Amino acid sequence: MRKSHPQMETIHRSGGRSRASSRIPVVIPVRIEILPTSEGGVYAAVPAVLLNIGCGGGNVRVRWDLAPGTRVFISLSVGTPGLRLLAEIVWGTRASGLGNEPAIYGVRWVDPLSVGAVQAVLLGQGVARQRETAHAPRI
């Protein structure tokens, strides 16, 4: 029996400019803290997976509906006390009609990361070794 792959539908895309820096594919478990968008809004903290990272932003996979413009903290366990990045949801996609399938969101860091900070994340997660990041192309 053959499994069919779910169709992905675009949730939202902002009309903003395209990405200015490249991204490095990763699979890093993270925690997303969803900040309330209005007075009396709901705060939530949910598990997610960071799928790629760059100086300007990244992609995350999470089982939660997030609208473009929503601000979130993405927490990674890099070093002590860890890294907590403020980001804004830019766009998202989710599997059509399959219930609780995770969505993928593009996020933009509110304060862009330096190349050194991205390399520190990669080293801290064991994604790269010191020698590899020293000779890696600019992100």
Side-chain angles (χ1 to χ4, degrees):
M1 180 182 244
R2 229 175 135 187
K3 278 189 174 178
S4 64
H5 294 285
Q7 294 292 333
M8 299 300 279
E9 70 178 77
T10 298
I11 296 170
H12 299 284
R13 276 204 189 272
S14 73
R17 62 185 190 274
S18 62
R19 184 180 312 149
S21 60
S22 63
R23 305 257 178 96
I24 297 171
V26 294
V27 177
I28 301 173
V30 296
R31 185 175 121 187
I32 293 183
E33 298 171 51
I34 304 159
L35 304 177
T37 56
S38 63
E39 184 78 26
V42 176
Y43 166 87
V46 295
V49 176
L50 184 65
L51 300 174
N52 66 37
I53 188 169
C55 294
N59 285 359
V60 293
R61 183 177 59 220
V62 63
R63 282 178 165 56
W64 198 270
D65 287 329
L66 301 170
T70 302
R71 291 230 169 162
V72 298
F73 278 109
I74 297 178
S75 299
L76 296 95
S77 59
V78 175
T80 304
L83 186 60
R84 195 166 176 238
L85 303 169
L86 181 59
E88 182 176 334
I89 302 297
V90 178
W91 59 266
T93 61
R94 68 172 167 247
S96 307
L98 294 177
N100 196 23
E101 289 297 315
I104 297 174
Y105 295 97
V107 299
R108 176 176 33 241
W109 311 131
V110 171
D111 295 316
L113 301 175
S114 68
V115 171
V118 173
Q119 290 174 342
V121 168
L122 298 175
L123 288 169
Q125 295 298 313
V127 176
R129 293 186 298 259
Q130 181 70 38
R131 189 176 55 194
E132 291 171 341
T133 60
H135 301 293
R138 283 197 65 76
I139 299 169

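Nothing here was measured: the structure is a model prediction, and the numbers come from that model.
- Atom CH2 of Trp64 and atom CD1 of Ile32 lie 11.0 Å apart (nearest 0.5 Å).
- One finds the CG atom of Asn52 at 4.0 Å from the CG atom of Asn59 (value rounded to the nearest 0.5 Å).
- Contacts of Arg84 classified as salt bridge (Lys or Arg N to Asp or Glu O under 4.0 Å), with partners at least two apart in sequence or in another chain: Glu33.
- With hydrogens and angles ignored, the 3.5 Å screen pairs no side-chain donor or acceptor of Arg71 with any backbone N or O of Leu86.
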Intermediate values then yes/no, side chain to side chain contact (heavy atoms under 4.5 Å, CB included), Leu51 and Tyr105: CA-CA 10 Å; Leu51 300 174; Tyr105 295 97; over 6 Å; no
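- The side chain to side chain contact (heavy atoms under 4.5 Å, CB included) test applied to Ala87 returns Val72, Ile74, Val107, Trp109, not counting sequence neighbours.
- Residues passing the side chain to side chain contact (heavy atoms under 4.5 Å, CB included) test with Val27, sequence neighbours excluded: Val49.
- The CD1 atom of Ile34 sits 8.0 Å away from atom OG1 of Thr70, with the distance rounded to the nearest 0.5 Å.
- Looking only at side-chain heavy atoms (C-beta outward), Ile28 and Ile53 stay at 4.5 Å or farther from each other.
- Checked options Leu85, Leu76, Val62, Leu83; the residue passing with Val30 is Leu76 (criterion: side chain to side chain contact (heavy atoms under 4.5 Å, CB included)).
- Nearest approach of Arg94 to Ala103, heavy atoms of both residues: CB-CB, 3.8 Å.
- One distance of note links CG of Leu50 with OG of Ser75; it measures 11.5 Å at 0.5 Å rounding.
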Audit row: Phe73, Val110, side chain to side chain contact (heavy atoms under 4.5 Å, CB included) steps and yes/no: CA-CA 10 Å; Phe73 278 109; Val110 171; over 6 Å; no
